[in-house]
Amino acid sequence: MTKSEFYEKLEFILELESHTINGSETLQDLEGWDSLAKLSFIAMGDVEFSTIVPAKALLACKSVVDLIKLFDGKII
Amino acid sequence: MAGLSMKNSAIRGIVSAVPAHSEGMDGLAQAFGEEETRRIARAIGVHARRISRPEQCASDLCFHAAARLLSELGWAKDSVDAMIFVSQTFDYICPATSCVLHGRLGLSKTCAAFDISLGCSGYVYGLWNAASLIASGCRRVLLLVGDTVSKCISPLDKSTKPLFGDAGTATALEFEEGPVMHFELGTDGTGYKHLIIPAGGFRQRHTTEGRSQREDGNVRCDEDVYMDGAEIFTFTLREVPPMLKRVLVSANWDLKDIDAFVFHQANRFILGHLSNKMKLPPESVPFSLEEFGNTSSASIPLTISHRLRSLLQSKSARLVLGGFGIGFSWGAVALETGPMLLPELEVVQ
């Protein structure tokens, strides 16, 4: 998956307009990054990458860049 | 434990009882905002929950269910050899609520009675225990399973308040040569902190602190349920699909052989994702949480009572029941069961 495709997935989860996310955001900046969004993100990781993101690792993420790192090079 | 097969136990009937008072989602808008309440309701799939009166316990709901079950089956009270009460919302710290229920139901003094403290996985563990008792010589076992989790919920915690409802159930099992139940059971006790009521037991008798805003943004105290949804979801994804695959292998069944997969009604999002991941036909996964919410240990028998009456009243069906959650604890059983007594829901005033 490319980074822009990943941003689109994130925008869909957060119910944001297209091209709102460019990768420089902190998660605190993102409106709607809450417990329900985290569940949707974990589900997306399972479907798209067959990766079950550990909840603790997700909780430690501070930025969109950190989220990308969770998938270990599968987002280019 | 993998691949446990219990022989010669048949389910004769299930009665589920719910409190009369139904609470919709509208009342939550004041605490969480209208848009947020709608968003939560959409995600978890709950439209209403049955809430017990302050003095009404899980045992009261189970009592009504059990009395009706015994009466409609025509079982003499002295014919019940054992009774199990599965719940995490018991009457007293001690004695065991099963003893209280034994007295109320007027069961025989030769009837064994004991409690099991489990939630989401409790019905499957209860069936396993009941079938084990029958394998050890009991002829008739009464399995009472229910919870009133609404009593331990902060009204200002949006991860739990919109989700949990109350219910009590009774299941009658009897010796019969032939039927086989295939069980898969498991535990990961390292996850115990992710779904917990920290105070009220003997580790922390009481909390002196009132409700306050916690790290996750919700307002609660240590005598309220705390739930980390992300931890529950990742545990479910990790453990439940392999458990279901193993139980199907034990029973030597394919997905297409199953009439219904009845899961613990965790929430709609989790069950929807799980069903898609397992490629289960949507029509084979019944839900009851729209009307009743997540009723903890009672959710599987309540879903059977509410959604599978027409299937199971007249013929036998192949079911896979799966419970998973608090503990972390999980269990699945594959069984061919029915026809059985499945009356309409008992509504308790």
Side-chain angles (χ1 to χ4, degrees), chain A residues 1 5-21 23 25-75, chain B residues 32-33 35-46 157-163 188 190-191 193-195 213-220 225-242 266-279 324-325 328:
Chain A
M1 182 183 283
E5 285 167 337
F6 178 75
Y7 300 153
E8 278 176 34
K9 298 278 178 199
L10 207 48
E11 286 157 357
F12 179 77
I13 289 168
L14 297 171
E15 299 176 19
L16 296 173
E17 299 282 327
S18 296
H19 310 298
T20 312
I21 294 175
E25 298 82 1
T26 66
L27 298 180
Q28 213 172 1
D29 294 336
L30 293 177
E31 198 184 332
W33 180 252
D34 62 6
S35 55
L36 288 178
K38 285 173 193 163
L39 293 190
S40 298
F41 184 84
I42 292 167
M44 184 275 291
D46 188 33
V47 171
E48 299 293 337
F49 304 107
S50 300
T51 298
I52 302 172
V53 174
K56 200 181 271 184
L58 183 59
L59 190 67
C61 290
K62 302 287 181 212
S63 65
V64 172
V65 171
D66 291 341
L67 294 180
I68 290 173
K69 286 179 188 164
L70 292 172
F71 299 107
D72 211 17
K74 290 177 183 169
I75 300 168
Chain B
F32 308 128
E35 197 182 322
E36 184 65 359
T37 301
R38 269 199 298 275
R39 187 169 160 257
I40 294 169
R42 201 168 58 237
I44 65 177
V46 177
D157 188 333
K158 67 180 178 184
S159 68
T160 55
K161 178 64 181 169
L163 181 61
D188 176 3
T190 64
K193 284 184 177 170
H194 301 308
L195 184 47
Q213 189 162 33
R214 303 298 178 96
E215 259 182 41
D216 63 358
N218 287 304
V219 173
R220 64 178 171 273
V225 171
Y226 162 67
M227 183 172 75
D228 183 332
E231 288 284 3
I232 304 292
F233 187 35
T234 53
F235 138 74
T236 302
L237 293 180
R238 206 170 52 236
E239 302 297 345
V240 176
N267 73 46
R268 184 99 201 183
F269 181 85
I270 289 180
L271 293 186
H273 184 79
L274 189 65
S275 302
N276 288 339
K277 188 179 168 77
M278 295 287 299
K279 299 185 169 54
F324 44 87
F328 295 132

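Source: prediction; values computed, not measured. Computation of the quantities below employed the complete heavy-atom set of this structure, encompassing side-chain atoms and omitting hydrogens, waters and symmetry-equivalent molecules. Chain identifiers are assigned alphabetically (A, B, ...) following the order of the sequence lines, protein sequences preceding nucleic acid strands; residue numbering begins at 1 within each chain.
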Tell me, side chain or backbone of B:Ile40 under 4.5 Å from chain A's heavy atoms, or both, or neither? both

With no hydrogens and no angle check, is any side-chain donor or acceptor of A:Thr20 less than 3.5 Å from a backbone partner on A:Leu16? no

Can you confirm whether A:Leu10 sits close enough to A:Phe41 that some side-chain heavy atom of one is under 4.5 Å from a side-chain heavy atom of the other? yes

Does B:Phe269 have its ring centroid less than 6.0 Å away from the ring centroid of B:Phe233? yes

Among A:Ser40, A:Pro54, A:Ser35, single out the residue with the greatest number of heavy-atom pairs under 4.5 Å to chain B. A:Ser40

Contact leader toward chain B among A:Leu59, A:Ile42, A:Val47, A:Val53, where contacts are heavy-atom pairs under 4.5 Å: A:Ile42

Under a 3.5 Å cutoff, is there a donor and acceptor pairing between the side chains of B:Thr37 and B:Lys158? no

